[in-house]
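Here's the structure we're looking at; comments come further down.
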Amino acid sequence: KDITASNLKQFDAIITGVRAYNVHEWLSEKYNVLMNYIQHGGNLIVQYNTNNNIGSVKANIGPYNFTISRTRVTEENADVHILLPNNSALNYPNKITDADFKNWIQERSTYHAEQLDAHYEAPLGMHDVNENESNGALIITKYGKGNFVYAGIVFFRQLPAGVDGAYKLMANIIALPQNK
């Protein structure tokens, strides 16, 4: 009930918990409110949701179409390729470099986005050994005055573990509306 257009105005960024769209059906009912929030300058960051054998997420999540795959990068030291070095999420307020992907724990990412609408940018590519590279671990798009982010990156593991690079990347994602 607190997710209203007038209430959301106070927030620069909103971050959904992992699997939020899998377990909270009411988020589907708030789709238009959340898209309005983005259009008026908000920053919606959606952490990963699952796509399981039963079926994919049925909710609309982003302003443009994408699907959630079962692609994941389970090797904590897998190479991460910076595909869009000038992307705001990799430059402000922190410059993200290869060094920021050192000392990660357990895995890199899970449930990547795929079949992306052309509006999305995918600044990172990664893959496990003997797997094809995926660029769906982090997707970003402008929408109106704001931004939408889908992050399959496992921030939920890296942040509690104190991984510096993950903190820097999350800070950049949160700062997207402030980056001119």
Side-chain angles (χ1 to χ4, degrees), residues 12-23 27 38 43-52 56-57 59 61-64 66-117 119-129 131-143 146-177 179:
D12 291 334
I14 296 171
I15 304 172
T16 67
V18 298
R19 300 181 181 157
Y21 284 86
N22 294 117
V23 298
L27 275 169
I38 299 168
N43 187 20
L44 177 61
I45 302 162
V46 174
Q47 293 187 80
Y48 88 87
N49 285 268
T50 62
N51 178 356
N52 57 37
S56 60
V57 176
I61 297 175
Y64 307 110
F66 69 93
T67 60
I68 297 173
S69 72
R70 294 182 56 80
T71 301
R72 48 195 316 146
V73 177
T74 62
E75 297 167 4
E76 61 196 40
N77 295 316
D79 288 339
V80 176
H81 303 113
I82 296 176
L83 304 176
L84 301 174
N86 295 323
N87 186 281
S88 297
L90 303 179
N91 289 286
Y92 178 84
N94 305 293
K95 177 69 175 166
I96 302 298
T97 69
D98 293 340
D100 293 307
F101 296 100
K102 301 224 182 300
N103 302 316
W104 285 47
I105 63 160
Q106 192 165 341
E107 59 195 335
R108 294 266 189 215
S109 59
T110 189
Y111 299 101
H112 291 200
E114 64 180 19
Q115 300 177 14
L116 308 177
D117 181 278
H119 288 91
Y120 289 104
E121 292 185 334
L124 302 173
M126 60 185 75
H127 64 92
D128 285 332
V129 172
E131 297 287 334
N132 293 328
E133 183 157 283
S134 170
N135 66 354
L138 180 66
I139 63 170
I140 303 166
T141 188
K142 298 280 297 162
Y143 186 65
N147 297 278
F148 171 82
V149 176
Y150 175 81
I153 292 173
V154 290
F155 288 112
F156 75 98
R157 293 197 195 286
Q158 308 315 316
L159 298 178
V163 176
D164 293 350
Y167 272 96
K168 288 170 61 179
L169 182 56
M170 179 58 88
N172 287 10
I173 294 167
I174 291 170
L176 282 171
N179 191 1

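Since this is a predicted model, take the numbers as computed values, not measurements.
- Using a 4.5 Å cut-off on side-chain heavy atoms (C-beta onward), Thr50 and Ile68 make no contact.
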Set out, in order, the CA-CA distance, both residues' side-chain angles and the distance that settles side chain to side chain contact (heavy atoms under 4.5 Å, CB included) for Leu169 and Leu90, then state yes or no. CA-CA 7 Å; Leu169 182 56; Leu90 303 179; 4.1 Å; yes
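- Between the Glu107 side chain and the Thr74 main chain, no donor and acceptor come within less than 3.5 Å of each other.
- More than 12 heavy atoms of other shown residues, nucleotides or ligands fall within 6.0 angstrom of atom CG in Asp128.
- Residues Tyr92 and Leu176 fail the side-chain proximity criterion, which asks for heavy atoms closer than 4.5 Å.
- Considering CG of Leu124 and CD1 of Ile96, their distance stands at 9.0 Å, rounded to 0.5 Å.
- When atom types are taken as modelled, the side chain of Thr141 and the backbone of His119 share a donor-acceptor pair closer than 3.5 angstrom.
- Using a 4.5 Å heavy-atom threshold, the side chains of Met170 and Ile15 count as touching.
- At a threshold of 4.5 Å between non-hydrogen side-chain atoms, the residues His112 and Arg70 do not count as touching.
- For the side-chain hydrogen bond (donor to acceptor under 3.5 Å, both in side chains) test, no residue two or more places apart in sequence or in another chain qualifies with Asn43.
- In this structure, the side chains of Asp98 and Ile82 come closer than 4.5 Å at one or more pairs of heavy atoms.
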Go through Val46 and Val149 one step at a time and tell me if the side chain to side chain contact (heavy atoms under 4.5 Å, CB included) criterion holds. CA-CA 6 Å; Val46 174; Val149 176; over 6 Å; no
CA sep, side-chain torsions, deciding dist, call: His81, Glu133, side chain to side chain contact (heavy atoms under 4.5 Å, CB included): CA-CA 9 Å; His81 303 113; Glu133 183 157 283; 2.4 Å; yes
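- Note that OG of Ser88 is 9.0 Å distant from CG of Asn172, once rounded to the nearest 0.5 Å.
- For the pair Asn87 (side chain) and Leu84 (backbone), a donor-acceptor distance under 3.5 Å is absent.
- No donor-acceptor distance shorter than 3.5 angstrom exists from the side chain of Asp100 to the backbone of Asp164, with no hydrogens or angles considered.
- Asn77 is not listed as a side-chain neighbour of Phe101, based on a closest heavy-atom distance of 4.5 Å or more.
- The pair Glu75-Arg108 does not count as a salt bridge, with every side-chain nitrogen at least 4.0 angstrom from each carboxylate oxygen.
- Shortest non-hydrogen contact noted between Arg157 and Ile105 is O-CD1, 3.6 Å.
- In this structure, Asn147 CG and Ile173 CD1 are separated by 10.5 Å, a value rounded to the nearest 0.5 Å.
- Looking at every heavy atom in both residues, Pro160 comes nearest to Phe155 through CD-O, 3.7 Å.
- Looking at every heavy atom in both residues, Glu131 comes nearest to His127 through O-ND1, 3.1 Å.
- For the residue pair Asn91 and Pro85, the shortest heavy atom distance occurs at ND2-O, 2.7 Å.
- In this structure, the side chains of Leu83 and Asn135 come closer than 4.5 Å at one or more pairs of heavy atoms.
- Using cut-offs of 30° and 60° on the angle between ring planes, the pair Phe66 and Tyr120 is perpendicular.
- Ring pair Tyr48/Phe156 is tilted by interplanar angle, where 30° to 60° counts as tilted.
- The backbone N or O of Lys168 sits less than 3.5 Å from a side-chain atom of Asn94, completing a donor-acceptor pair.
- Of the possible polar contacts, none joining the Ser109 side chain to the Val154 backbone as a donor-acceptor pair under 3.5 Å is found.
- From Ser134, atom OG reaches atom CD of Glu114 across 7.5 Å, with rounding to the nearest 0.5 Å.
- Gln47 CD to Thr110 OG1: the interatomic distance, rounded to the nearest 0.5 Å, is 12.0 Å.
- In this structure, Tyr64 and Leu116 have side chains that are not in contact, with every pair of non-hydrogen atoms separated by 4.5 Å or more.
- Residue Ile61 holds its CD1 atom at 6.5 Å from OH of Tyr150, rounded to the nearest 0.5 Å.
- With Tyr111 contributing its side chain and Arg72 its backbone, the two residues share no donor-acceptor pair below 3.5 Å.
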